[in-house]
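What follows is one structure encoded as C-alpha cells, with my remarks underneath.
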Amino acid sequence: MEMDALEKWVLSSSAWGLFSRRLIVPWVLSFARPPQEAVVLDIGCGRGSEAQEFATRFPGWQLTATDYDADMVALAERRLARFEDRVRVERADATALTYPDDSFDLAVALFVWHHVGDWATATREAHRVLRPGGTLVLADLLAPAFGGPARRLPAPAGTYSLPELRSALAGAGFGRWRVRVGGRLWYRLVAVAS
C-alpha cells in the first residue's frame, strides 16, 4: 500500500529516524534475540533507519531491505549505500514477494503489517520465503490503537486484532510463537516457521 503524505513526511524525518534507531530497534531486538549471522529480509524498511541500525549492530547479516513505496526505496538506497557489500535495497510488495521459497533465515517487519492491507497474505509470504526454522519478527499496532482513546490515529485499511494475527500465523505454517502485548494497542512477536 502507498503511504499517505503525512505518514511519508513523518517517516522521512530525522526525528523519526533517530527514534526508530535508538528506541524501536533496541526494544524489538531485546525481545527477539536474533542471531549474529543470518540472511535477513526487512519488509517495509521505509527510509532505511531500522535497516541502518541492523547493519551497524549485526555485521554478520546479509540484509535485503524492501519497501513498497518507491520514494522510501530511494531514500533507503541513499541511507544504506555505505553498507553495499552486505545490504541490498529493493522495491517489494509484502503480499507478493519475488524471492524463492526458503531464501531467508529471518524476516523483520516493524510497524508495517497494519499498512500492508492484506496482512494475512503477507504473513503467508513471509513464511514461504523463510527457511524451515526461520524466524519472523513483527512489532505493530493492533486495531484498538485506531479507536477509543487513541482515535486520533487514522485507521489504515489493514488493521487487525491479536486473535486474527494468531490465526493467520497458524494458517501460514508458523509452528510456534511468543508475543508480548502492550495495553491491547501494540505487540512484539517472534514466530518460528515449521
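Residues: numbered from 1 along the sequence shown.
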Any donor-acceptor pair under 3.5 Å from [X] side chain to [Y] backbone:
| X | Y | value |
| --- | --- | --- |
| Asp42 | Leu63 | no |
| Thr95 | Ala122 | no |
| Ser103 | Val129 | no |
| Arg86 | Gln62 | no |
| Arg166 | Trp177 | no |

- Query: Do Tyr160 and Leu162 sit in the same hydrophobic cluster, where Ile, Leu, Val, Met, Phe, Trp and Tyr count as joined when their side-chain heavy atoms come under 4.5 Å apart?
  - Reply: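 In one cluster: yes.
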So if you build clusters from Ile, Leu, Val, Met, Phe, Trp, Tyr with side-chain heavy-atom gaps below 4.5 Å, do Val108 and Ile24 land together?
->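 Val108 clusters together with Ile24.
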Is there side-chain contact between [X] and [Y], with heavy atoms separated by less than 4.5 Å?
| X | Y | result |
| --- | --- | --- |
| His127 | Leu130 | no |
| Leu29 | Phe58 | yes |
| Leu41 | Leu97 | yes |
| Gln52 | Phe83 | yes |
| Tyr99 | Thr64 | yes |

Check your understanding: Considering the options Val179, Leu165, Leu110, which one meets the side-chain contact (heavy atoms from CB on, under 4.5 Å) requirement together with Leu138?
Key ->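 When side-chain contact (heavy atoms from CB on, under 4.5 Å) is applied between Leu138 and each of Val179, Leu165, Leu110, only Leu165 qualifies.
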Any chance you could measure [X], atom [atom1], to [Y], atom [atom2], to the nearest 0.5 Å?
| X | Y | atom1 | atom2 | answer |
| --- | --- | --- | --- | --- |
| Phe111 | Glu50 | CZ | CD | 9.0 Å |
| Ser20 | Glu53 | OG | CD | 8.5 Å |
| Ile43 | Phe104 | CD1 | CZ | 8.5 Å |
| Gln36 | Arg57 | CD | CZ | 10.5 Å |

- request: Would you name the heavy atoms of Pro132 and Asp102 that are closest together and state the gap between them?
  value: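 Looks like CD-OD1, 3.8 Å.
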Taking the six-membered ring of Tyr68 as reference, does the cationic atom of Arg91 (NZ for Lys, CZ for Arg) lie under 6.0 Å from its centre and within 45° of its axis?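 Yes - Arg91 lies over the ring of Tyr68, closer than 6.0 Å to its centre and within 45° of its axis.
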Distance under 6.0 Å and angle within 45° of the ring axis: does Arg178 meet both against Phe31?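 Flagged: Arg178 positioned over aromatic ring of Phe31.
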### Message
Tell me whether the rings of Phe54 and Trp61 are parallel (<30°), tilted (30 to 60°) or perpendicular (>60°).
### Response
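Rings of Phe54 and Trp61: tilted, 30 to 60°.
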Practice item. Would you please classify the geometry between the Phe19 ring and the Trp16 ring as parallel, tilted or perpendicular, with 30° and 60° separating the classes? Key: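 Trp16 vs Phe19 ring planes: tilted.
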Apply side-chain contact (heavy atoms from CB on, under 4.5 Å) to Thr123 and Phe174, showing your working. CA-CA 9 Å; Thr123 303; Phe174 287 96; 4.0 Å; yes
